[in-house]
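Read through the structure below, which is laid out as structure tokens, and then see the notes.
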Amino acid sequence: MLASKVAILLAKRMTINQTKQIHAAILVNGLLDLESLLVQQIINSASSYSYYTSHYIKLVLNHVQNLDVFSVASTIRFYSRHCQFREAVNLYGKLQRCGLSPSTFAVSSALKACARILYRSGGISIHAQVYKYGFCNVVYVQTALVDFYSKVGNMDFARSIFNEMVEKNIVSWNSVLGGYVKSGDLTMAQSVFDEMPEKDVISWNSMVYGYARMGNIEQAYALFRQMPESSSASWNAMISGYVDCGKIELARSFFEAMGQKNNVSYIILISGYSKSGDVESAEELFGKLYKKDQLVYNAMIACYAQNSWAKEALQLFNAMLRLDLQPDEMTLASAISACSQLGDLKFGSWIESFIHETGIQMDDFLATSLIDLYAKCGSIDKAHKLFHGLKKKDLVAYTAMILGCGINGRAKDAIKLFDEMMNAEINPNIVTITGILTAYSHIGMVEEAYRCFISLQKYGLAPSVDHYAIVVDLLSRAGRLEEAHGLIKSMSIQPHAGVWGALLLGCSLHNNLELGEIAATRCIELEPDSSGYLSLLANIYASSGRWDDAERLRKGVEEKGYNKLPGCSWMEEVKA
DNA sequence: TTAGGGTTAG
């Protein structure tokens, strides 16, 4: 009686309170096997993943007394099918904590989830359990393992498991093929493709994508034309391949020629435009799409954030919240980056509390965006705390932290972090160098900065104009004006006014009239509307006793009506 | 078993 009531009510979509009541009734009547039915009914009746569904499931799973493997395994698969991979992995963990033995179904579903979020250690520990529970010869499990190792880029493991399989199905073949394509080994991919006893549309799509992303347009197009049947994924493979090799125009023409476009087609192009800095084209596409899902919003918000359109990123993020679309780790990482660009600590902190309240996983990407936010807004201790909590400190995390210390005048900490990074054998990039040079500059460590600058080549990096500006500034302040001038003259790229300005400032500090005149002339050529350079030159004339010249310049400044811009900070005011 | 979104400067 109660069982049929559960089924009926769930078919009608119960409210959360009704779910609670039904569950209570099940417990009161001691009908524990109905708990399993309750979970399965919820899953079967859920056509899509929504806030409601996830709430139902969590509610039941958290209160279930007799958790059974079948319900849990179905729920893991449900999560995976709806791209809730972290939830799937967490639930697999819960299954184990409850002392239940996993089924082959649970294992392969959990492996799939680990593969999708590139959760290496999770997948490897499930692999160990495969041996423990004797699932080694189950073709679904073996295939899930091949897929997992292919996706995380360990082709040696993937291949050895694949080779050991007595029975292989097309899924196993496609998994190993996809792995070679992803790792860029087209020779191996082609040989697997040629060896396959049968090929389906997925096998063809992998090859098309592989050749397109390597820039081999002719081969990609030839295969695309040759394939016996094509799907929307085939078109998307071409579009995505062209985007990956930087041929955005070609990607667009394929997109236009495509019949039934889907959200994936839009996302591939929006992110392509984002990478090429064409925000307007991305916006145009976004506007054209009628049914936008969470991932399309994420792509557009990321596009705004990556291209310094921070206000637009936050506006769209707010619009997403108003539409009741659930933001995830990726949405929030972009939104926090936008807050950081605006110095909007208030909104950024709100997002952090949102993360804690909604139970969103604070992964390293998200934590790094918060580190950057707090460091830029002066909360360096909070940034430090988050930095130490990272699972893996990568280049971006170190860089954000080094920059943060540099900005906050903690040059010694920045240098310590830089050394730590080098010891961890993480090579710096251009951004890291900017951070460390800024730090050296703060405390006037000329030699160290110069050495760091010279060592750029060691890492295959070309110094940017800003790097030159920092080093010229350091040398000039230290009175090494000739060296600074020599450095500018050796530049293979065009120096901007900041570089010459640094030399001019040094000349003003050390009263070098000859070089000061040269530097000021260059500055005025490059930025004729700025009065600061004239004033600095006037100072040099005055110090050298050339009062007439000093006066002439100061009068010139006054007559032209230059205004000194007041200093300003981007950091938004925070009311306690 | 295929295709899509995230963090660091200026």
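Please read these numbers as outputs of a predicted model, since none were measured by experiment. In the text below, chain A, chain B and the rest are named by the order of the sequence lines, each starting its count at 1.
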Legend entry - A:R410/A:D381 ion pair, N-O < 4.0 Å: yes

Legend entry - Pair listing, salt bridge (charged side-chain N to carboxylate O under 4.0 Å, His left out) test, anchored in residues 223-251 of chain A, at least two apart: none

Legend entry - Parallel, tilted or perpendicular: rings of A:F387 and A:H384 (30°, 60°): perpendicular

Legend entry - Short side-chain N/O contact to B:dT7 OP1/OP2 from A:Q306, under 4.0 Å: yes

Legend entry - Interface residues of residues 257-274 of chain A with DNA chain B (non-hydrogen, below 4.0 angstrom): A:N262, A:N263, A:V264, A:I267, A:I268, A:S271

Inset, instruction - Indicate, with a heavy-atom threshold strictly under 4.0 Å, whether A:K151 touches base, sugar-phosphate, or nothing. - result: sugar-phosphate

Legend entry - Nucleotide nearest A:D372 when distance is taken to its side chain, options B:dG6, B:dT8, B:dT1: B:dT8

Legend entry - Selected nucleotide, minimal atom distance to A:D363 side chain, candidates B:dT7, B:dA3, B:dG6: B:dG6

Inset, instruction - Could you work out which one of B:dA3, B:dT8, B:dG6 sits closest to the side chain of A:A400? - result: B:dT8

Inset, instruction - For the pair A:E256 and A:R252, find out whether any cationic side-chain nitrogen is under 4.0 Å from an anionic carboxylate oxygen. - result: yes

Inset, instruction - Identify whether any heavy atom of A:A237 sits under 4.0 Å from a base atom; if not, whether one sits that close to sugar-phosphate; answer base, sugar-phosphate or nothing. - result: nothing

Inset, instruction - Identify which nucleotide among B:dG6, B:dA3, B:dT8 has an atom closest to any side-chain atom of A:K376, counting heavy atoms from C-beta outward. - result: B:dT8

Inset, instruction - Tell me whether the guanidinium CZ or amine NZ of A:K199 lies under 6.0 angstrom from the six-membered ring centre of A:F193 and within 45° of its axis. - result: yes

Legend entry - Nearest listed nucleotide, side chain of A:D466, among B:dT8, B:dG10, B:dT2: B:dG10

Inset, instruction - Mind checking A:S232 for me? I need base, sugar-phosphate or nothing, with any heavy atom below 4.0 Å counting as a touch. - result: base

Inset, instruction - Give one of base, sugar-phosphate or nothing for A:D293, where a contact means two heavy atoms less than 4.0 Å apart. - result: base

Legend entry - Residue A:M330, side-chain heavy atoms: nucleotide from B:dT2, B:dG6, B:dT7 that is nearest: B:dG6

Legend entry - A:E167 CD: over 12 foreign heavy atoms closer than 6.0 Å: no

Inset, instruction - Just compare B:dG6, B:dA3, B:dT1 and give me whichever is closest to any side-chain atom of A:N174. - result: B:dT1

Inset, instruction - Could you check whether A:S334 gets within reach of a base, just the sugar-phosphate, or nothing at all, counting any heavy atom under 4.0 Å? - result: sugar-phosphate

Legend entry - Separation of B:dT2 C1' from A:L177 CG (nearest whole Å): 10 Å

Give every donor-acceptor pair under 3.5 Å between a side-chain atom in residues 154-163 of chain A and any protein atom, sequence neighbours left out.
{"unit_1": "A:N154", "atom_1": "OD1", "unit_2": "A:F157", "atom_2": "N", "d": "3.2"}
{"unit_1": "A:R159", "atom_1": "NE", "unit_2": "A:N163", "atom_2": "OD1", "d": "3.2"}
{"unit_1": "A:R159", "atom_1": "NH1", "unit_2": "A:Y180", "atom_2": "OH", "d": "3.4"}
{"unit_1": "A:S160", "atom_1": "OG", "unit_2": "A:F157", "atom_2": "O", "d": "3.3"}
{"unit_1": "A:N163", "atom_1": "ND2", "unit_2": "A:R159", "atom_2": "O", "d": "3.4"}

Inset, instruction - Indicate, yes or no, whether a donor-acceptor pair under 3.5 Å links the base of B:dT7 to the side chain of A:S369. - result: no

Inset, instruction - Could you work out which one of B:dT8, B:dG4, B:dT1 sits closest to the side chain of A:L403? - result: B:dT8

Inset, instruction - Any side-chain hydrogen bond (donor to acceptor under 3.5 Å, both in side chains) involving residues 385-397 of chain A? Give me the pairs, sequence neighbours left out, ordered by first then second residue. - result: none

Legend entry - Proximity to DNA chain B (any heavy atom under 4.0 Å), residues of residues 418-434 of chain A only: A:N429, A:I430, A:V431, A:T434

Inset, instruction - May I have the distance from A:L370 (atom CG) to B:dT8 (atom P), rounded to whole angstrom? - result: 11 Å

Inset, instruction - Among B:dT7, B:dT1, B:dT2, find the nucleotide with the atom closest to the side chain of A:R116. - result: B:dT2

Without placing hydrogens or testing angles, list every side-chain donor-acceptor pair under 3.5 Å for residues 432-442 of chain A, not counting sequence neighbours.
{"unit_1": "A:T432", "atom_1": "OG1", "unit_2": "A:T399", "atom_2": "OG1", "d": "3.0"}
{"unit_1": "A:T432", "atom_1": "OG1", "unit_2": "A:N429", "atom_2": "N", "d": "3.0"}
{"unit_1": "A:T432", "atom_1": "OG1", "unit_2": "A:N429", "atom_2": "O", "d": "3.4"}
{"unit_1": "A:T432", "atom_1": "OG1", "unit_2": "A:N429", "atom_2": "OD1", "d": "2.8"}
{"unit_1": "A:T434", "atom_1": "OG1", "unit_2": "A:I430", "atom_2": "O", "d": "3.0"}
{"unit_1": "A:T434", "atom_1": "OG1", "unit_2": "A:H467", "atom_2": "NE2", "d": "2.9"}
{"unit_1": "A:T438", "atom_1": "OG1", "unit_2": "A:T434", "atom_2": "O", "d": "2.5"}
{"unit_1": "A:H442", "atom_1": "NE2", "unit_2": "A:G406", "atom_2": "O", "d": "3.1"}

Legend entry - Closest non-hydrogen atom pair, A:N427 against A:L395: O-CD1, 3.3 Å

Inset, instruction - Under 4.0 Å between any heavy atoms, over every strand shown, what does A:S337 touch: base, sugar-phosphate, or nothing? Just pick one. - result: sugar-phosphate

